[in-house]
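Sequence positions, counted from 1, serve as the residue numbers for this chain.
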Amino acid sequence: MRRTRILTAVLALAAGLLAGTPPALAADSTAKVSLAADTYTWKNARIDGGGFVPGIVFNRSEKNLAYARTDIGGAYRWQQSSKTWTPLLDSVGWDDWGHTGVVSLASDAVDPNKVYAAVGTYTNSWDPKNGAVMRSSNRGASWQKTDLPFKLGGNMPGRGMGERLAVDPNKNSVLYLGAPSGKGLWRSTDSGVSWSQVANFPNVGNYQQDPSDTSGYASDNQGIVWVTFDESTGTSGNATKTVYVGVADLQNSVYRSTDAGATWTRLAGQPTGHLAHKGVLDAAGGYLYLSYSDKGGPYDGGKGQVWRYATATGTWTNISPVAEADTYYGFSGLTVDRQKPGTVMATAYSSWWPDTQIFRSTDSGATWTRAWDYTSYPTRANRYTMDVSSSPWLTWGANPSPPEQTPKLGWMTESLEIDPFDSNRMMYGTGATLYGTENLTNWDSGGQFTIKPMVQGLEETAVNDLASPPSGAPLLSALGDVGGFRHTDLTKVPSMMFTSPNFTTTTSLDFAETNANTVVRVGNLDSGPHIAFSTDNGVNWFAGTDPSGVSGGGTVAAASDGGRFVWSPAGTGVQYTTGFGSSWSASSGIPAGAIVESDRVDAKTFYGFKSGKFYVSTDGGATFTASAATGLPSGDSVRFKALPGAKGDVWLAGGATDGAYGLWHSTDGGASWTKLSNVDQADAIGFGKAATGASYQTLYTSAKIGGVRGIFRSTDKGATWTRINDDAHQWGWTGAAITGDPRVYGRVYVSTNGRGVIYGDRSDTSGGGGTDPTDPTDPTPTGACAVTYKITNQWSGGFQADVQLSNTGSSAWTGWSLVWAFPNAQTISQTWNAESAQSGSTVTAKNVGWNANVAAGSSVSFGFTGNWSGTNGKPTAFKLGDQACTVA
């Protein structure tokens, strides 16, 4: 429910694209590339939500099939059995990071296995790539993609309007997509494979949030914002004749075709002066309902209306729950009860104070009731109760004065949907979470309905920094919008974000290496201090004092003993302090805006980096001296860290494709640097517990190595690297932060830009070691093996399965080929992390290049989607060469 929504990648990526530098002077020529694979299990450190949910889509023909879209964090499918959400776009890779922004979703009512997503994060220069339409025939388990000749804006103004993407409910090979930026209306007639512009559509839109914005963000034409079919005007297999389209134009918001898109006209008699955020058609009642706002949202909007259009007579009726003169908000969220024609609901999406409002009518908008009313100001009477015990941080630790309450009913409530099969279930999205109820009809009988977060599994925070101290909580996070959390248990939602103060966004945090109870964080706040300290490992906080001129968090570093701090805030130069920031002094010799870090051994040594120069202070941050080293990245898309336990041991990652880019290592406090020749590109570096028998801490990096982008681990100081993620687990942009766990070998925490904090654990818990994956004498896989075959998802005619193959012998494998027979004539349609072939019922799955090497005691996993009919039994026997495997 914050008033900002950020993209941590934008500035870093922009800096990376523009940066350039001479080649590095030193390189490690002895290091070798080893893309050995290790099998990891990936999960979220649970926060549950944390971002804007602008769209919820229920399938109209299959019960319990629902999807949610987020502005930067991908798309999700509802799992009714567990009442959780399953992420669907984790396979989006680094180069396509913008495709984690989802501007629209469409679920096919004719074939519920099919789902479509229109993806792309920004329409301006921040996102270098065009948008795309992704299509899936297995409910999002795997995707195919068609690139578009224009950009889409999942995180642009107006993203809560919609849905812009729609499937014809009678002829499902036909889809429409409304484009922004004056690109018009587009149509596909081959189930989303190819797209062409609807040339005769008369209006591409003209509304801009702020025409004077030179960045292109607020000045973009918001374009075509929704498409709605009147399913009653078509028959099965024939295109629906009547289609309504919403346009971002204050004077001309709604258009209609009555001949399946051959011709289009402006709908006569429509209201003007507002934008139609939603157009929801109730074919049974014969009405098109429309929610209007004077602005595009999702934050702005000061006036609004709700209208009803009679499709048979063309009559318009203003059914606004509140007279426009009394609104200070716009309307957006809009839904009808498919089980009870005439029941309609709408939201006052932009009402921040004292709360959002939800309106309900059971007589087609003739009369309305509200989710809450005043008894006598400022006392409220609520028709609902709120239970946020599963996500207690949603109270924000606040204690507001009436009429404001905590937790809030919401804000930015642009998505609101009644389950088409269950009048009691409603879900709605806010700027912070996804709420729902399962006893909605209590509203009509005078009772109270219960609202709870329905968001588990949907993780949508943007991560700026991560820390894993050697004692205390295993994870501290710096996040956009919700500040950050102290995780004592990664599987549980923390009770509260960092408070006292609550930063809207935490930009950096650090702890004292030899006194992990001392923690510092910095961040952004509309008014108030931008720095806070903790002396109990982040449990409790107190605010520091800002030096003059501070306007934002910047970066911060704690001395190894916690006795002093160096801060590089936005708005002024680098500062240092002893104690807890009651007063600050300007550091000399280092430019404003430098990135700062501390040596993890010497309490008086701090480091900085700015525009290709590395800086060192040995007097607690009072004075810095520029290192004479050259060849480092010339831009500021750089992250560096000092190794715990070794004075002057520093690793630096970053750069740009048009200059120096990679991973550098210094053992003399930055006086000289060695560039690792086996790392093509690197963007973040972190350390974790050393492997058994290793003398150096484990390195983790988000990097490109051997031509492959991924998350990599090295147990030998960067001489060889193991890719530990796979193509199904990429999470878009992961360059902000990475750290290992100093207490658990192999555990790594990965930042994402919208998918929260991902952590990975090795499936093999032996503590590391194993054979050299590049040794040609390693034997072929003839030893003992074990297989776990698990069906992870199943639907009518289709299923998804994961297979784990374990090397239970005493020798390493340098390649593997697993064979089994399906018992019920199942067929494989798509495989990941393996190559598969099928002859009759017999399937052969072979390693791909990066996961050929499996050490003794380790395992490798792959997955596939398939088809089944009648029965979907599990295979009972697996063979690796001539060796029968144990089946778990």
Item to check | Tyr67 vs Leu105 side-chain heavy atoms within contact, under 4.5 Å | outcome: yes
Item to check | Beyond-backbone contact of Leu434 with Met427, side-chain heavy atoms, under 4.5 angstrom | outcome: yes
Item to check | Pairs satisfying salt bridge (Lys or Arg N to Asp or Glu O under 4.0 Å), at least one member in residues 542-555, at least two apart | outcome: none
Next on the checklist: So does Tyr435 get a backbone contact from the side chain of Thr433, meaning a donor-acceptor N/O pair under 3.5 Å?
Outcome noted: no
Acceptor/donor pairs from residues 485-497 side chains to any protein atom, 3.5 angstrom cut, sequence neighbours excluded:
residue : atom : partner : partner atom : Å
Arg486  : NE   : Asn537  : O            : 2.7
Arg486  : NE   : Asn537  : OD1          : 3.3
Arg486  : NH2  : Asn537  : OD1          : 3.0
His487  : NE2  : Arg46   : O            : 2.7
Asp489  : OD1  : Thr491  : N            : 2.9
Asp489  : OD1  : Thr491  : OG1          : 2.6

Next on the checklist: Tell me if the aromatic rings of His277 and Tyr349 count as close, with their centers under 6.0 Å from one another.
Outcome noted: yes
Next on the checklist: Once ring pair (Phe, Tyr, Trp, His ring centres under 6.0 Å) is applied, do any residues pair with Tyr329, and if so which ones, sequence neighbours excluded?
Outcome noted: Phe331
Next on the checklist: Measuring from atom OG1 of Thr734 to atom CD1 of Ile758, what distance do you get when rounded to the nearest 0.5 angstrom?
Outcome noted: 10.5 Å
Next on the checklist: For the residue pair Asp220 / Ser181, report whether a side-chain donor-acceptor contact shorter than 3.5 Å exists.
Outcome noted: yes
Item to check | Side-chain donor-acceptor pair present, Tyr40, Asp761, cut-off under 3.5 Å | outcome: no
Checklist outcome for this item: Between the CG atom in Leu476 and the CZ atom in Phe511, the distance rounded to the nearest 0.5 Å is 8.0 Å
Next on the checklist: If I compare all heavy atoms of Leu466 with all of Leu509, which pair ends up nearest, and what's the gap?
Outcome noted: C-CD1, 4.4 Å
Item to check | Side-chain ion pair, Arg709 and Asp683, N-O less than 4.0 Å | outcome: yes
Next on the checklist: Once ring pair (Phe, Tyr, Trp, His ring centres under 6.0 Å) is applied, do any residues pair with Phe606, and if so which ones, sequence neighbours excluded?
Outcome noted: none
Item to check | Beyond-backbone contact of Asn464 with Leu479, side-chain heavy atoms, under 4.5 angstrom | outcome: no
Item to check | Over all atoms of both residues, closest heavy-atom pair of Phe533 and Ile531 | outcome: CZ-CD1, 3.7 Å
Checklist entry - Quick one: side-chain hydrogen bond (donor to acceptor under 3.5 Å, both in side chains) partners of Ser212, sequence neighbours excluded? => result Asp210
Item to check | Output field: ring centroids Trp393/Trp396 closer than 6.0 Å | outcome: yes
Checklist entry - So, Thr555 and Ser508: side-chain donor and acceptor under 3.5 Å apart, yes or no? => result no
Checklist entry - Do the side chains of Thr86 and Gln79 get nearer than 4.5 Å, heavy atoms only? => result yes
Checklist outcome for this item: By ring pair (Phe, Tyr, Trp, His ring centres under 6.0 Å), His99 pairs with (sequence neighbours left out) none
Checklist entry - For Thr577, what residues pass the side-chain hydrogen bond (donor to acceptor under 3.5 Å, both in side chains) criterion, not counting sequence neighbours? => result none
Checklist entry - Taking only residues two or more places apart in sequence, or in another chain, which ones meet Lys610 in a side-chain contact (heavy atoms from CB on, under 4.5 Å)? => result Pro591, Ala594, Tyr615, Asp636
Item to check | Any residue meeting side-chain hydrogen bond (donor to acceptor under 3.5 Å, both in side chains) with Thr413, in chain and number order, not counting sequence neighbours | outcome: Thr356
Next on the checklist: For Thr535, give me all partners under side-chain contact (heavy atoms from CB on, under 4.5 Å), at least two apart in sequence or on another chain.
Outcome noted: Phe542, Phe580
Checklist entry - Minimum heavy-atom separation for Gly710 to Asn725, with atom names? => result CA-OD1, 3.5 Å
Checklist entry - Shortest non-hydrogen contact from Trp411 to Tyr299? => result CH2-CD2, 3.8 Å
Next on the checklist: Could you report the tightest heavy-atom contact between Ser332 and Gly160, atom names first, then the distance?
Outcome noted: OG-O, 4.2 Å
Item to check | Asn753 and Ile72, any side-chain heavy atoms less than 4.5 Å apart | outcome: yes
Checklist entry - Quick one: ring pair (Phe, Tyr, Trp, His ring centres under 6.0 Å) partners of Tyr607, sequence neighbours excluded? => result Phe614
Checklist entry - Would you say the side chain of Val750 lies within less than 4.5 Å of the side chain of Val757, judging by non-hydrogen atoms? => result no
Item to check | Cationic tip of Arg77 above Trp85 ring, under 6.0 Å, 45° of axis | outcome: no
Checklist entry - Does any pair with a residue in residues 496-512 pass salt bridge (Lys or Arg N to Asp or Glu O under 4.0 Å), and if so which ones, sequence neighbours excluded? => result Asp510-Arg600
Checklist entry - Between CD1 of Ile47 and CD of Glu459, what distance do you get to the nearest 0.5 Å? => result 5.5 Å
Checklist entry - Less than 4.0 Å between a side-chain N and a carboxylate O, is that true for Lys129 and Asp96? => result yes
Checklist entry - Just wondering, do Leu88 and Trp143 contact through their side chains at under 4.5 Å, heavy atoms? => result yes
Next on the checklist: Does the structure place the NZ or CZ of Arg159 under 6.0 Å from the centre of the six-membered ring of Phe52, at an angle of no more than 45° from the ring's axis?
Outcome noted: no
Checklist outcome for this item: Which of Tyr576, Trp567, Phe565 passes ring pair (Phe, Tyr, Trp, His ring centres under 6.0 Å) with Trp584? It is Trp567
Item to check | Heavy-atom pair of closest approach, residues Ala653 and Ala684 | outcome: CB-N, 3.7 Å
Next on the checklist: Between Ser104 and Glu163, is there a side-chain donor-acceptor contact under 3.5 Å, judged purely by atom types and distance?
Outcome noted: yes
